[in-house]
2 protein chains.
Amino acid sequence: MAKKKLIKAEDASTEEKIKAAARDVFHKKGYAATRTRDIAEKAGINLALLNYYFRSKEKLFDIIMLETVFEFMQSMALVMNDNKSSLEKKVELITFNYIDFITREPNIPIFMLSEIRNNADGLMEKLPIRQLVLNSIFFKQHQEAVVKGKIAEPDPLHFLMNILGLIVFPFIAKPLFKGIGGLNENQFNKLMQERKKLVPVWIKAMIKVK
Amino acid sequence: MAKKKLIKAEDASTEEKIKAAARDVFHKKGYAATRTRDIAEKAGINLALLNYYFRSKEKLFDIIMLETVFEFMQSMALVMNDNKSSLEKKVELITFNYIDFITREPNIPIFMLSEIRNNADGLMEKLPIRQLVLNSIFFKQHQEAVVKGKIAEPDPLHFLMNILGLIVFPFIAKPLFKGIGGLNENQFNKLMQERKKLVPVWIKAMIKVK
DNA sequence: AAATAAATTAAACAAATGATTAATTAACAC
DNA sequence: GTGTTAATTAATCATTTGTTTAATTTATTT
């Protein structure tokens, strides 16, 4: 068995190679469609090393899943709790950050949403995502704006759905939109870059009407 | 081998039972995570009958996939080609129809988008979805409104992304939003019903700004 | 350098899974 | 009713796939 205390910094590379490969394959194909042999091959390691370092496919997956969710929430959490910026500015930042993030990691949204749906052992219950949102400055600023009559729709969930829907959905349905628009990857990405400016403007316009 | 010509209407029930079960399981778990034994059990039939009627898991899946995509596009196509209604009214109809449809069949969006991503043998290329949109009255009305200066953003793809993003995304990310809002199924569905009125209003507001 | 522990490998195992076979039952034609 | 075809079943096959084992190589310690 591997004893962590004895693993030196340099030796960690094998473990890291496996994790990097697992990340790629899990993100692209999901848990069920992923073969441990795919991961081993992509990592350039012997199949047995996967179990040597991570015990099982499921344990390895849990690690990847946790890190992925964390990664995805981090940038959002950072912006939402910034105490310098206005709500409007936060919408701009979230839009900008997420469009860049998903352009870099286009498989993450649908991976997360698919696997969360298949339960993933009640991941949603274990994460403090509700507290994170409720305690955020973003949330308080929204509440405040509602009270002041600056935002017509009072439910912050609608607000979140709108922002994320406008940002994330085009990526999730990318093959569909590429098909409809007859776009290649570059043209699609250009459209997404345009949305960095457009989405905040649209959100601002939506906010005011009832 | 099964000879179709000899299958009477009443006998079709076995074939239909298999298809109904396959639909359920494929929609809920996706191709890779579905076991043919799950389908057989759910259909209440002997496992061998699945291959007797449909040759293979993959062939059965292709049938379900095709029917699902068709079902999903049909209501949209109908609305988009109605020559009585204005563009504004079409947005209302699409919103209303899709929110009801997805509430009834909540697994379909993420099923379709997941499986399309895993290729599904280039389904996107085979479907005439691009032609369907380009030739639609919906598309022409949008073009016209752009020319007349009624719509600021000229790209119809952005317009489609916005409508579908606002409608479909909340369902795809349902576990997330239920978690954040602390909602049960009923409360979530109530929110979605609210959006039937809200989304068209929001879209209208977005249209005008640049 | 010898001894010990860790890392790596090839081979094999056991369970799961899609598919097939051969036998049986039910339906239908004449 | 008899014979023929279709439908159904239980059993089995052949692969795939996650995991383990036992041996070997590499690294570390003393």
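Per chain, numbering begins at 1; letters A, B, ... match sequence-line order.
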Take the protein atom NZ of A/Lys29 and the nucleotide atom C1' of D/dT16, then report the distance between them rounded to whole Å. 13 Å
Would you say A/Lys204 has more than 12 foreign heavy atoms packed within less than 6.0 Å of its NZ? no
Report the distance from atom CD1 of B/Ile45 to atom P of C/dT25, rounded to the nearest whole Å. 20 Å
Please state how far atom CZ in B/Phe61 lies from atom P in C/dG18, giving the value in whole angstrom units. 13 Å
Using whole Å, what does the distance between atom P of nucleotide D/dT8 and atom CD1 of B/Ile18 come to? 8 Å
Are the aromatic rings of A/Phe188 and A/Phe177 close, with centres under 6.0 Å apart? no
Taking only Lys NZ, Arg NE, NH1 and NH2, and the carboxylate oxygens of Asp or Glu, determine whether B/Arg23 and B/Glu67 approach each other closer than 4.0 Å. no
side-chain hydrogen bond (donor to acceptor under 3.5 Å, both in side chains) partner of B/Gln193, chosen from B/Lys196, B/Lys190, B/Lys197: B/Lys196
For B/Phe26 and B/Tyr31, take the angle between the two ring planes, folded into 0 to 90°, and tell me which bin it lands in: parallel under 30, tilted 30 to 60, perpendicular over 60. parallel
Ring centre gap for A/Phe101 and A/Phe96 strictly below 6.0 Å: no
Here the distance between atom P of C/dA10 and atom CD of A/Glu41, to the nearest Å, is 14 Å
Over how many whole Å does the gap from B/Leu49 atom CG to D/dT8 atom P extend? 5 Å
Rounded to the nearest Å, what distance is computed from the CD atom of residue A/Glu16 to the P atom of nucleotide C/dA7? 14 Å
Within the sub-3.5 Å range, which N or O atoms of nucleotides 17-23 of chain D have a protein N or O partner, and how far apart are they?
{"residue": "D/dT17", "atom": "OP1", "partner": "A/Arg35", "partner atom": "NE", "Å": "2.7"}
{"residue": "D/dG18", "atom": "OP1", "partner": "A/Thr34", "partner atom": "O", "Å": "3.3"}
{"residue": "D/dG18", "atom": "OP1", "partner": "A/Lys57", "partner atom": "NZ", "Å": "3.2"}
{"residue": "D/dG18", "atom": "OP2", "partner": "A/Thr36", "partner atom": "N", "Å": "2.8"}
{"residue": "D/dG18", "atom": "OP2", "partner": "A/Thr36", "partner atom": "OG1", "Å": "2.8"}
{"residue": "D/dG18", "atom": "N7", "partner": "A/Arg37", "partner atom": "NH1", "Å": "2.8"}
{"residue": "D/dG18", "atom": "O6", "partner": "A/Arg37", "partner atom": "NH2", "Å": "3.0"}
{"residue": "D/dT19", "atom": "OP2", "partner": "A/Lys57", "partner atom": "N", "Å": "2.6"}

